Amino acid sequence: MSKKVVCFGEMLWDCFPDYEIAGGAPMNVALNLQQLGLKIQMISRLGEDEKGIALRDFVSSYGLPTTLIQTDPVHPTGKVVVDNRDRENIRYTIVSPVAWDFIDLTEENKKAVDDAAAFIFGSLSVRNNKSWDTLHQLLHTKTLKIFDINLRAPFYDFEKIEIVLGFTDILKINEEELMIVADHFGISVEEEYSAFPINLNPNSKGGESFGISPVSQKLCEFLTQHFPIQMVCITLGSQGALLYQKGVFFQHAGYQVQVEDTVGSGDAFLSGFVKTYLEGSSPEEILDFACKLGAFVATKKGGTPKYRIEEIDKIS
């Protein structure tokens, strides 16, 4: 497969008390897409420090090109400090400012986005005006734009999010984020299901149909009417996912697996979604493969396990 995809945003280390894991949603998506056979470029920024060198080496071990990953002589490589002493209330401190807050706009990354089949980005990487200005300029392209909203309090700003939605073709959002966005737009959850008749595709895979919440119906309708969004994908964790397109919901109930680690499974889902979408697959096929890849990664330790594409088919 020769489709080119560009991912934009944070690269970092998740720092637990006794170990560290490479992370950042855009980077996780890029590494999965690389393993799925697409041509990937990552626009980000690392510090001129040991952690930056290690992270560059880490992504290189997957074969991911690093030509668009900038080096910052002033700011350190990104990290998230994880306090997991209370397993029921794990706390995350996303350190700021760090290198990926200062991604420069260059002719190279503008050309990469213009030449790509898809451009993927989130909201966390634009908490600083420098990276925000860069992303905003890169959004002025005809390339398919996929917004993984990825809200991380307190680092999101709905003024910026509304601007980004104005460029978005496909939106990925989870249940918790959906409620936050619905609240922002003043969408009530008290509507009856019948108030918004939506066709639930009867041929969707993954088990019996389940009800679509009124807030999901109303938000999807609102977003596709007020923004250029063509598709909304709602991830439901272990319960699978929904895909809204042209007034129709498609569903997949997910795959039940023995979970080793859920870190990165949502990023793997998006990677599977992008691969099959760019191949021209049907909504049912897109959801099936995306759910399968997300479930597969959940059976492995870490957010970006190395695998062969043939291994994914073992999930059933």
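These numbers come from a predicted model, not from an experiment.
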Worksheet item: side chain to side chain contact (heavy atoms under 4.5 Å, CB included) between Leu242 and Val232: does it pass, once the steps are laid out?
Response: CA-CA 8 Å; Leu242 297 169; Val232 180; over 6 Å; no
Worksheet item: Does Asp72 use its side chain to pair, donor to acceptor, with the backbone of Val74 at less than 3.5 Å?
Response: yes
Worksheet item: Which word best sums up how the rings of Phe8 and Phe119 line up, parallel for under 30°, tilted for 30 to 60°, or perpendicular for over 60°?
Response: perpendicular
Item to complete: Kindly say whether Thr304 contributes a backbone atom to a donor-acceptor pair with the side chain of Tyr62 at under 3.5 angstrom?
Response: yes
Worksheet entry | Derivation and outcome, side-chain hydrogen bond (donor to acceptor under 3.5 Å, both in side chains), residues Asp49 and Thr77 | CA-CA 7 Å; Asp49 49 28; Thr77 297; 2.7 Å; yes
Fill in: Centroid-centroid distance, His140 to Phe167, less than 6.0 Å
yes
Worksheet, complete the sentence: CD1 of Ile312 to CG of Leu293, rounded to nearest 0.5 Å, is 4.5 Å
Worksheet item: Between atom CE of Met42 and atom CD of Gln70, what is the distance when rounded to the nearest 0.5 Å?
Response: 11.0 Å
Practice prompt. Is it possible for you to check whether Arg45 lies under 6.0 Å from the centre of the six-membered ring of Phe102, through NZ or CZ, and within 45° of that ring's axis?
Written response: no
Worksheet item: Does Val126 offer a backbone N or O that forms a donor-acceptor pair with the side chain of Lys160 under 3.5 Å?
Response: yes
Worksheet item: Looking at Phe296, is Lys314 sitting on its ring face, NZ or CZ under 6.0 Å from the six-membered ring centre and within 45 degrees of the normal?
Response: no
Item to complete: Nearest 0.5 Å please: distance from the SG atom of Cys233 over to the OH atom of Tyr277.
Response: 12.5 Å
Worksheet item: Where the side chain of Ser265 meets the backbone of Ala295, is there a donor-acceptor pair that is under 3.5 Å apart?
Response: no
Fill in: Ring geometry between Phe222 and Phe227 (parallel below 30°, tilted from 30 to 60°, perpendicular above 60°)
perpendicular
Worksheet item: Angle class for the Tyr255/His252 ring planes (parallel below 30°, perpendicular above 60°, tilted otherwise)?
Response: tilted
Practice prompt. Please report the C-alpha distance between Val80 and Cys15 in whole Å, then the side-chain angles of each, then the deciding distance to 0.1 Å, and finally whether the side chain to side chain contact (heavy atoms under 4.5 Å, CB included) criterion is met.
Written response: CA-CA 6 Å; Val80 176; Cys15 300; over 6 Å; no
Fill in: Polar contact flag, side-chain donor to acceptor under 3.5 angstrom, Asp14-Tyr19
no
Item to complete: Verify, without hydrogens or angle tests, whether Thr168 (side chain) and Val164 (backbone) share a donor-acceptor contact under 3.5 angstrom.
Response: yes
Fill in: Ile53 with Met27, same ILVMFWY side-chain cluster at under 4.5 Å
no
Practice prompt. Evaluate the side-chain proximity of Asp169 to Ile229: yes if any heavy-atom separation is below 4.5 Å, no if none is.
Written response: no
Worksheet item: Do the side chain of Gln217 and the main chain of Ile212 share a donor and acceptor less than 3.5 angstrom apart?
Response: yes
Fill in: Exercise: identify the closest heavy-atom pair between Pro26 and Gly9
CG-CA, 3.9 Å
Worksheet item: Atom CZ in Arg127, atom OH in Tyr156: separation rounded to 0.5 Å?
Response: 15.0 Å
Discussion item. Test your reading of the model: is there a side-chain donor-acceptor pair from Thr276 to the backbone of Phe273, 3.5 Å cut-off?
Written reply: yes
Item to complete: To the nearest 0.5 Å, tell me how far Leu171 CG sits from Leu223 CG.
Response: 6.5 Å
Discussion item. Tell me the closest heavy-atom pair linking Cys220 and Ile234, and the distance in Å.
Written reply: SG-CD1, 3.9 Å
Item to complete: With side-chain hydrogen bond (donor to acceptor under 3.5 Å, both in side chains) as the test, would you mind laying out the steps for Asp114 and Thr141 before giving the verdict?
Response: CA-CA 6 Å; Asp114 286 342; Thr141 178; 2.9 Å; yes
Response to the item:
For Gly122 and Phe147, the nearest pair of non-hydrogen atoms, with its separation, is C-CE1, 3.6 Å
Worksheet item: Hey, is the main chain of Ile180 close enough, under 3.5 Å, to the side chain of Asp183 for a donor-acceptor pair?
Response: no
Discussion item. Taking Lys51's backbone N and O only, do any of them form a donor-acceptor pair with Trp13's side chain (distance below 3.5 Å, no angle check)?
Written reply: yes
Item to complete: Go through Asn128 and Asp101 one step at a time and tell me if the side-chain hydrogen bond (donor to acceptor under 3.5 Å, both in side chains) criterion holds.
Response: CA-CA 5 Å; Asn128 182 282; Asp101 287 313; 5.2 Å; no
Worksheet entry | salt bridge (Lys or Arg N to Asp or Glu O under 4.0 Å) between Lys111 and Glu107, intermediate numbers included | CA-CA 6 Å; Lys111 185 177 189 307; Glu107 289 302 319; over 6 Å; no
Worksheet item: Quick check: does any side chain N or O of Gln230 sit under 3.5 Å from a backbone N or O of Pro228, one acting as donor and the other as acceptor?
Response: yes
Worksheet item: Looking at CG of Asp115 and NZ of Lys4, how far apart are the two atoms once the value is rounded to the nearest 0.5 Å?
Response: 6.0 Å
